[in-house]
Each structure stands twice: as C-alpha cells, then as structure tokens.
Amino acid sequence: MAKLVSNVYGDALFELAVETGKVDDFLNEAQGVIEVVKSNDGFSQMMNHPKINKEEKLQIIDDVFKGRVSNEMVGLLRMLEEKDHIKDIVEVLNYFIDRVFDFKKIGRAFVSTPFELTDAQKSDVEKRLLQTTEYSSFVMDYTVDPDLIGGMVIRIKDRVIDSSVKTQISKLSHELSNIQLKVGECAP
C-alpha cells in the first residue's frame with residue numbers, strides 16, 4: 001500500500017529536522033505555516049486556482065514565506081507545489097507535528113466538557129493524564145459542549161475516554177430498550 005502524501009513529506013521533513021538539529025525550529029515554522037494557510041482563504045484559493053500557472057504559484061510561495069521561515073521549509077512548500085500536492089500542506093505539516101510530539105514525548109489532548117473548566121480543574125486533568133500515559137507533557141485543547149450534560153470526553157490520538165453524562169444516558173437507554181418483557185410476564 002502506498003504511503004499517504006502527508007506521511008512521505010512529513011517523514012522527510014522530520015528526518016531532516018532530526019539530522020540538522022532543527023526539530024524545535026521546524027516545529028515552530030510548521031505551526032506558523034498552518035496558521036497562515038488556515039487564516040488566509042485567499043492563499044489557498046490562489047494555490048489551488050487552475051488558471052494560475054505553476055511558476056506563479058512558486059513565486060507566491062517565495063513572496064509569502066521566503067525570509068520568514070527556513071529555506072528548508074520554503075523548499076518543502078515549493079516541492080509540494082511542483083508535485084501537485086500543495087492542497088495537502090496542512091495534512092503534511094500536522095503529520096510532521098505529530099511525529100515531533102511523539103519524538104519529544106508530548107501528548108496532544110482534546111478535552112470536551114459541558115462548561116468552562118477553571119485553571120485548577122484544567123491542571124488536575126493534565127496531571128491525571130501525565131500520570132496515566134507515557135507522555136512527559138501535554139498540549140491541551142479545551143472545548144465546551146453543553147450537550148454533554150456532565151462529565152467529559154478526552155481524545156488523545158485515536159483513543160477516546162468518554163465519561164460524559166450524555167453517553168451514560170445513551171448507554172442506559174440502549175440497555176433498557178434491549179430488555180423485552182414477554183406479554184403477561186411480571187417481574188418477581
């Protein structure tokens with residue numbers, strides 16, 4: 001099975017970062033490039049517009065990024081454009097960031113709660129995650145989802161811990177719907 005575009009280019013950037021000792025520099029640049037791409041719809045539209053030729057797109061990359069990020073990062077962006085993979089830029093860089101986080105034993109946790117947590121509660125959640133995982137630190141992303149009613153949902157990579165009241169009610173409802181009393185039967 002062929003490797004995904006994000007894996008091929010993300011792995012290459014990661015290996016280069018480790019070889020050159022620029023892991024932290026490339027991590028910061030990758031996060032910055034993602035922010036620029038996500039916050040600027042015009043950039044993505046220009047880079048994916050069929051009437052703008054490849055040379056113009058390469059010039060746009062140079063104009064936007066040269067002097068602001070390393071030559072290696074500009075080279076990656078140019079290569080993605082040359083190979084018609086510029087649309088995958090965010091996925092490539094997110095894959096790279098995940099590789100760096102694994103390398104540095106940094107976990108990324110997405111926590112949903114029905115209300116805003118206090119700083120003390122956030123600290124408690126992070127401490128508990130540090131105690132129960134192999135990570136040495138976490139990047140935490142908190143969101144409020146009132147539909148959860150109570151409890152919380154934590155996602156780390158493909159692992160989900162769901163202690164929300166909404167899920168508990170759903171499970172209970174499902175279990176109750178599976179209980180079928182036969183006509184005329186009574187509970188003892």
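Note that this is a predicted model, so its numbers are computed, not measured.
Note: Phe65 and Phe43 have perpendicular aromatic rings, judged against thresholds of 30 and 60 degrees for the angle between ring planes.
No donor-acceptor pair closer than 3.5 Å links the side chain of Glu29 to the backbone N or O of Met73. Side-chain N or O atoms of Asn40 include none that pairs as donor or acceptor with a backbone N or O of Val36 at under 3.5 Å. Looking only at distances, no side-chain donor or acceptor of Lys166 sits under 3.5 Å from a matching main-chain atom of Ile149. Distance alone, capped at 3.5 Å, is enough to place a donor-acceptor pair between the Arg68 side chain and the Val64 backbone.
Under a cut-off of 6.0 angstrom, the local environment of CG in Asp63 is crowded, with over 12 non-hydrogen atoms contributed by other residues, nucleotides or ligands. Around atom NZ of Lys87, more than 12 heavy atoms belonging to other residues, nucleotides or ligands sit under 6.0 Å away. Shown here is Gln131, whose CD atom has more than 12 heavy atoms of other residues, nucleotides or ligands within 6.0 Å.
To the nearest 0.5 angstrom, Glu55 atom CD is 5.5 Å from Leu58 atom CG. The line from CE of Met152 to CD1 of Ile161 is 10.0 Å long, rounded to the nearest 0.5 Å. Note that NZ of Lys105 is 8.5 Å distant from OH of Tyr135, once rounded to the nearest 0.5 Å. Taking NZ from Lys38 and CD1 from Ile89, the interatomic distance works out to 11.5 Å, rounded to the nearest 0.5 Å. Atom CG in Leu117 sits 11.5 Å away from atom OG in Ser123 (nearest 0.5 Å). Distance check, rounded to the nearest 0.5 Å: CG of Asp145 to OG1 of Thr143 gives 6.5 Å.
Connection of Leu27 to Val139 is established within a shared hydrophobic cluster, with ILVMFWY side chains joined at heavy-atom distances below 4.5 Å, either directly or through further cluster members. Residue Phe110 is not grouped with residue Leu129 when hydrophobic side chains (ILVMFWY) are merged at heavy-atom distances under 4.5 angstrom, including chains of intermediate members. Under the 4.5 Å side-chain heavy-atom criterion for grouping Ile, Leu, Val, Met, Phe, Trp and Tyr, Ile86 is not connected to Leu4 through any hydrophobic cluster. Val125 and Ile106 are assigned to two separate hydrophobic clusters, defined by single-linkage of ILVMFWY side chains at heavy-atom distances under 4.5 Å. Put simply, Ile156 and Phe103 are part of two different groups of oily side chains (I, L, V, M, F, W, Y) that touch within less than 4.5 Å, one to the next.
Pro114 and Val144 get closest at one heavy-atom pair: O-CG1, 3.7 Å. The shortest non-hydrogen separation linking Ile97 to Arg108 is CG2-NH2, 2.7 Å. Scanning all heavy atoms of the two residues, the minimum distance from Glu126 to Met140 falls at OE1-CG, 3.9 Å. A pairwise comparison of heavy atoms in Val37 and Ser44 identifies CG1-OG, 3.7 Å as the closest pair. Nearest heavy atom pair, residue Lys57 against residue Ile52, reads CE-O, 3.1 Å.
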request  = Start with the C-alpha gap between Thr132 and Arg128, add the side-chain angles, then the distance that decides, and say whether side chain to side chain contact (heavy atoms under 4.5 Å, CB included) holds.
outcome  = CA-CA 6 Å; Thr132 58; Arg128 184 72 177 127; 3.3 Å; yes
Working for side chain to side chain contact (heavy atoms under 4.5 Å, CB included), residues Thr118 and Gln121 = CA-CA 5 Å; Thr118 65; Gln121 290 169 320; 3.2 Å; yes
Step-by-step side chain to side chain contact (heavy atoms under 4.5 Å, CB included) determination, Glu116 to Lys122 = CA-CA 10 Å; Glu116 186 73 32; Lys122 288 178 180 180; 3.4 Å; yes
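Side-chain contact annotation: Ser164 with Thr167, donor-acceptor N/O pair under 3.5 Å present. Between Asp41 and Gln45, the side chains place no donor N or O within less than 3.5 Å of an acceptor N or O (distance only, hydrogens not considered). Using a 3.5 Å distance cut-off with no hydrogens or angles, the side chains of Asp88 and Ser6 do not pair a donor with an acceptor.
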Please list every donor-acceptor pair under 3.5 Å in which a side-chain atom of residues 10-25 meets a protein atom from a residue at least two apart or in another chain.
| unit_1 | atom_1 | unit_2 | atom_2 | d |
| --- | --- | --- | --- | --- |
| Asp11 | OD1 | Tyr95 | OH | 2.9 |
| Asp11 | OD1 | Arg99 | NH1 | 2.4 |
| Asp11 | OD2 | Lys3 | NZ | 2.7 |
| Asp11 | OD2 | Tyr95 | OH | 3.4 |
| Thr20 | OG1 | Leu16 | O | 2.8 |
| Lys22 | NZ | Glu72 | OE2 | 3.1 |
| Asp24 | OD1 | Lys104 | NZ | 2.3 |
| Asp24 | OD2 | Lys104 | NZ | 3.4 |

Can you list, pair by pair, the side-chain donor-acceptor contacts under 3.5 Å of residues 77-84, counting residues two or more places apart and other chains?
| unit_1 | atom_1 | unit_2 | atom_2 | d |
| --- | --- | --- | --- | --- |
| Arg78 | NH1 | Asp62 | OD1 | 3.2 |
| Arg78 | NH1 | Asp62 | OD2 | 2.9 |
| Asp84 | OD1 | Lys54 | NZ | 2.6 |

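Salt bridge status for Asp102 with Lys157: present, with a side-chain N to carboxylate O gap under 4.0 Å.
Looking at Val100 and Phe26, their side chains never come closer than 4.5 Å, going by heavy atoms from C-beta outward. Using a 4.5 Å cut-off on side-chain heavy atoms (C-beta onward), Leu148 and Val165 make no contact. Contact check for Val153 versus Val111: no side-chain heavy atoms found under the 4.5 Å cut-off.
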